[in-house]
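Working notes, structure below.
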Amino acid sequence: MRRREFITLLGGAAAVWPLAAGAQNTAKTAAEPRDFRAADTQSKDHPTARALVHMGELVSDRTQGRHRIIVYPGGVLGEQQATFEQTRAGGIDINRTNMAPLVNFIGQANIFGLPFLFRSADHLHKILDGPTGEDILQSLEPHGYVGLAFFESGARSVYTVRRPVQTIDDIKGLRIRLQQSDLMVEMFKTLGAEPVILPYTRTKTALTTGLIDAAENNWPSYVTSDHYSVARYFARTEHTMTPDLLIMSMKAWRSLDPEDQNIFRRAARDTSIFLRGQWKNWEASLRKQALDLGVTVIEIDQRPLQAAFTALYTKVLTDSHSRHLVEFIQKDQ
């Protein structure tokens, strides 16, 4: 499939490129030295927060210390939705976010959250590193964001407080915390669960008080946010493998001259590769930590889950652009 066809599938991303070029042309001829505020709702020990620190080191080194990235982890600058809006306004310069907030701007962003869309991390990376990924990053610019890179996020699974999820039937009736995503809500309603939308930083309290019975996330989030101390049953559903995004405020981007813009973008891409290389090791280490502290891991049969989501694909993919893009991803070797 040619690049132009990718643009068509992504719903008009072709209109973005002139704007992207215009964004660069409006940059100052010489960027003033400054500190850039980077937000992450994950804790400082989480791989994505550590990756942001790594990017800061690259930027500082490549600008001879003129620019620094100051990382604010653990939701210090606000919950994800709030930081997303602050980034658009320029109050936050750099933000690591999941793809859920992008759906309002890029409908096709929903596709990346479809259950069992990607066969493996390598399959996901191949799609992200090609024209599809590049077009998604560029399509953010009309909305006030510069897409710098995709960040690794691993596979998401279900963990519970009182009883293990051993079969698909065990998900029925669970009050499960979900991120603010219509697609995720539809997924778990399909399985008979009761979705509860909560900010990420309130999840542990909700698990502890019994407000919810379960949550879903990747291994690093499960461990570094201390959810494992409350929800000690981890069922490896691995229902989605959705990447995170590293975005930059257009206001901050335009404060940089073209050379520094290139440094920031290159540092973000290099950090994305760094994170991929470290993710498996960090994930394995955190999983071992949880197992050593008494977490029970359940190897659930994924086939009934995949079958249950067949109708969801039909419900979500209501236009030919989305259907063609999913067909391309599924056929990609």
Side-chain angles (χ1 to χ4, degrees), residues 41-42 79-81 97-104 107-118 124 153-222 225 227-228 230-244 295-318 322 326:
T41 54
Q42 300 288 0
E79 296 293 345
Q80 179 172 267
Q81 190 61 41
T97 179
N98 63 47
M99 294 191 74
L102 305 183
V103 175
N104 292 330
Q108 280 75 11
N110 232 5
I111 288 172
F112 283 76
L114 283 169
F116 303 109
L117 176 61
F118 299 102
L124 171 63
S153 187
R156 300 175 76 97
S157 292
V158 173
Y159 44 92
T160 52
V161 176
R162 284 181 288 277
R163 58 181 175 83
V165 170
Q166 296 177 313
T167 71
I168 187 173
D169 291 335
D170 293 327
I171 298 176
K172 293 178 181 177
L174 284 178
R175 287 177 54 80
I176 184 167
R177 179 268 169 185
L178 301 176
Q179 59 187 308
Q180 192 168 352
S181 163
D182 291 342
L183 176 59
M184 195 70 77
V185 168
E186 285 294 329
M187 284 172 55
F188 280 90
K189 281 185 175 180
T190 297
L191 300 177
E194 183 180 344
V196 178
I197 307 301
L198 284 174
Y200 177 71
T201 54
R202 290 174 52 193
T203 304
K204 184 186 176 184
T205 299
L207 289 166
T208 303
T209 60
L211 177 64
I212 55 175
D213 309 305
E216 54 83 52
N217 219 312
N218 55 45
W219 270 108
S221 299
Y222 173 63
S225 294
H227 295 176
Y228 74 94
V230 184
R232 305 186 74 82
Y233 300 104
F234 190 96
R236 288 188 61 198
T237 54
E238 297 188 343
H239 47 275
T240 60
M241 193 180 294
T242 311
D244 287 344
V295 167
T296 300
V297 177
I298 301 96
E299 301 292 342
I300 189 171
D301 185 358
Q302 294 179 340
R303 289 171 297 182
L305 291 171
Q306 293 171 346
F309 289 134
T310 301
L312 179 66
Y313 270 65
T314 303
K315 185 174 183 178
V316 171
L317 304 177
T318 56
S322 297
V326 166

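Here, residue 1 is the first one in the sequence, and each next residue gets the next number. All values reported here derive from a predicted model rather than from experimental measurement. Values below: every heavy atom of this structure, side chains too, minus hydrogens, waters and symmetry copies.
For the atom pair CG (D213) and CD1 (I176), the distance works out to 9.0 Å, reported to the nearest 0.5 Å. The CD atom of E216 sits 4.5 Å away from the CE atom of M184 when rounded to the nearest 0.5 Å. Here I171 contributes atom CD1 and E194 contributes atom CD; the two are 14.5 Å apart, rounded to the nearest 0.5 Å. The line from CD of E299 to OG1 of T237 is 11.0 Å long, rounded to the nearest 0.5 Å. Atoms OG1 and CZ, from T190 and F309 in turn, are 6.5 Å apart once rounded to the nearest 0.5 Å. Distance check, rounded to the nearest 0.5 Å: CZ of F116 to CG of L305 gives 5.0 Å.
Between P164 and Y233 the shortest heavy-atom distance is CB-CD2, 3.7 Å. Heavy-atom minimum distance, L198 versus I212: CD1-CG2, 4.3 Å. Closest approach of I298 to V165, counting heavy atoms only: CG2-O, 3.4 Å. Across Y200 and H227, no two heavy atoms sit closer than the pair CE1-CE1, 4.1 Å. Smallest separation of non-hydrogen atoms from V161 and V230: CG1-O, 3.9 Å. Between A307 and T310, the shortest heavy-atom distance links the atoms O-OG1, 3.1 Å.
Residues D170 and T160 have side chains not in contact (no heavy-atom distance under 4.5 Å, counting atoms from C-beta outward). Using a 4.5 Å cut-off on side-chain heavy atoms (C-beta onward), I168 and I300 make no contact. In this structure the side chain of I197 reaches within 4.5 angstrom of the side chain of V185, judged on heavy atoms. With a 4.5 Å cut-off on side-chain heavy atoms, S225 and Q42 count as touching. Taking the side chain as every heavy atom from C-beta outward, N98 and S153 never approach each other to under 4.5 Å. Looking only at side-chain heavy atoms (C-beta outward), L117 and V326 come within less than 4.5 Å of each other. No side-chain heavy atom of N217 sits under 4.5 Å from any side-chain heavy atom of T203. The side-chain heavy atoms of L207 and R177, taken from C-beta on, include no pair separated by under 4.5 Å.
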Can you list the steps and then say if T240 with M187 is a side-chain contact (heavy atoms from CB on, under 4.5 Å)? CA-CA 10 Å; T240 60; M187 284 172 55; 3.7 Å; yes

Using side-chain contact (heavy atoms from CB on, under 4.5 Å), reason through S322 and V316 one step at a time and then give a plain yes or no. CA-CA 9 Å; S322 297; V316 171; over 6 Å; no

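Looking at Y222 and S157, their side chains never bring a donor and an acceptor atom within 3.5 Å of each other.
At distances below 3.5 Å, at least one donor-acceptor pair connects side-chain atoms of R175 with backbone N or O atoms of L211.
Under a cut-off of 6.0 angstrom, the local environment of CD in Q302 is crowded, with over 12 non-hydrogen atoms contributed by other residues, nucleotides or ligands. Dense packing is recorded around CG of D301, with more than 12 heavy atoms of other residues, nucleotides or ligands lying under 6.0 Å away.
Exactly one of V158, L174, V196 qualifies for a side chain to side chain contact (heavy atoms under 4.5 Å, CB included) with F188. That residue is V158.
Between Y159 and F234, the ring planes lie parallel to each other; the angle is under 30°, not in the 30° to 60° tilted range.
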